[in-house]
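Notes for the one structure printed next.
Heads up: numbering here begins at 1 and tracks the sequence. Keep in mind it's a predicted model, so treat the numbers as computed, not measured.
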Amino acid sequence: PYISLNIGGSRINTCRGRTFTQASASGHAIGLADMLVRTKYTLYDDEQSAIAAAVDVRLPTGREEDLLGAGSASVKFTAIGSMEAGRMSAHANVGLTRGGLADELSYGAGVAVATSSRLSLVGELLGRYIDSSGHLVSTIAPHPLLTGVDTIRLTGDSSNLQMVTAVPGFKWNVSATWVLAGNVTIPLTSAGLTAPITPFLGLDYAIGR
């Protein structure tokens with residue numbers, strides 16, 4: 001994957017009724033991100049259900065200092081299950097990641113309903129449990145150079161990071177080879193760096209006979 005990353009932020013402080021910018025910074029980086037090698041094996045398969053296992057190995061090919069990569073390799077083991085009944089299908093997976101930035105337990109479940117021959121409605125629930133700092137908190141520490149002056153800094157607390165996200169969406173077969181897909185990502189927890197709502201719209205083309 002090749003990534004163009006833009007990041008920026010500022011810290012606003014209020015003192016004696018006046019609001020001012022205490023610090024601000026921004027950055028931009030372009031380059032290769034961490035590459036992923038994946039393999040998946042079907043353990044059970046019939047006409048209406050299937051069970052599979054997958055292994056993902058993430059290679060530290062992205063520059064850690066530019067936030068393009070984790071800086072160390074990681075491996076993820078995933079169990080996958082799916083079933084279909086008439087116009088409805090359901091899917092679920094759970095995965096365990098070791099290495100990289102932090103150990104992680106991830107899970108997901110989704111349901112798709114074919115409302116017509118071309119339109120499907122999709123609903124997903126995604127969760128992540130990461131062995132890392134869950135929230136940023138303010139801490140007071142003495143200034144390293146000025147005697148009697150305290151500074152306020154942001155640091156991670158001791159809680160783990162738990163994130164749950166709902167993703168409703170649709171898929172519409174525009175033609176035999178083109179599929180229009182759209183969804184909205186809605187965070188159900190406030191931990192981590194999350195946007196209130198993230199819309200997505202994509203157009204897929206299938207190559208084959």
So, taking the atom named [atom1] in [X] and the one named [atom2] in [Y], what distance separates them when rounded to the nearest 0.5 Å?
X    : Y    : atom1 : atom2 : result
R87  : L121 : CZ    : CG    : 11.5 Å
K76  : R38  : NZ    : CZ    : 7.5 Å
R63  : D34  : CZ    : CG    : 11.5 Å
M88  : T115 : CE    : OG1   : 11.5 Å
E104 : Y129 : CD    : OH    : 11.5 Å
R118 : S175 : CZ    : OG    : 7.5 Å

Treating [X] as the side-chain partner and [Y] as the backbone partner, does any N or O pair qualify as donor plus acceptor under 3.5 Å?
X    : Y    : value
T61  : A33  : yes
T165 : I186 : no
D103 : I130 : no
R58  : M35  : no
D66  : L68  : no
T189 : V164 : yes
H28  : I7   : no

inquiry  = Regarding T42 and D45, do their side chains bring together a donor and an acceptor under 3.5 Å, going by distance alone?
reply    = no
request  = Would you check if T19 and I12 make a side-chain contact, meaning some heavy-atom pair closer than 4.5 Å?
outcome  = yes
message = Do V179 and V174 make a side-chain contact, defined as non-hydrogen atoms from C-beta onward lying under 4.5 Å apart?
response = no
key: Hydrophobic cluster of V75, others only, ordered by chain and residue number, side-chain cut-off 4.5 Å   = V37, V55, V57, L59, F77
remark   = Besides V167, the hydrophobic cluster formed by Ile, Leu, Val, Met, Phe, Trp and Tyr side chains linked at under 4.5 Å, directly or via other members, contains L126
In one Ile/Leu/Val/Met/Phe/Trp/Tyr side-chain cluster, 4.5 Å: [X], [Y]:
X    : Y    : value
M83  : Y44  : no
L180 : Y205 : yes
L105 : L188 : yes
L203 : F170 : yes
L119 : W178 : yes

Of all heavy-atom pairs between [X] and [Y], which one has the smallest distance, and what is that distance?
X    : Y    : value
P187 : P196 : CD-O, 2.9 Å
G71  : P60  : C-CB, 3.9 Å
A53  : L43  : CB-CD1, 4.2 Å
S74  : G99  : CB-C, 3.6 Å

request  = Return yes when atom CZ of F20 has more than 12 non-hydrogen atoms of other residues, nucleotides or ligands closer than 6.0 Å, and no otherwise.
outcome  = yes
S26: partners by side chain to side chain contact (heavy atoms under 4.5 Å, CB included), with sequence neighbours left out = none
task = Would you check, one step at a time, whether the test side-chain contact (heavy atoms from CB on, under 4.5 Å) holds for I80 with I51?
result = CA-CA 6 Å; I80 307 168; I51 299 175; over 6 Å; no
message = Between L161 and M163, is the side-chain contact (heavy atoms from CB on, under 4.5 Å) condition met? List the steps.
response = CA-CA 7 Å; L161 181 58; M163 305 171 63; 4.0 Å; yes
query = Hey, mind stepping through Y107 and N93 against side-chain hydrogen bond (donor to acceptor under 3.5 Å, both in side chains) and telling me if it holds?
reply = CA-CA 6 Å; Y107 56 90; N93 64 78; over 6 Å; no
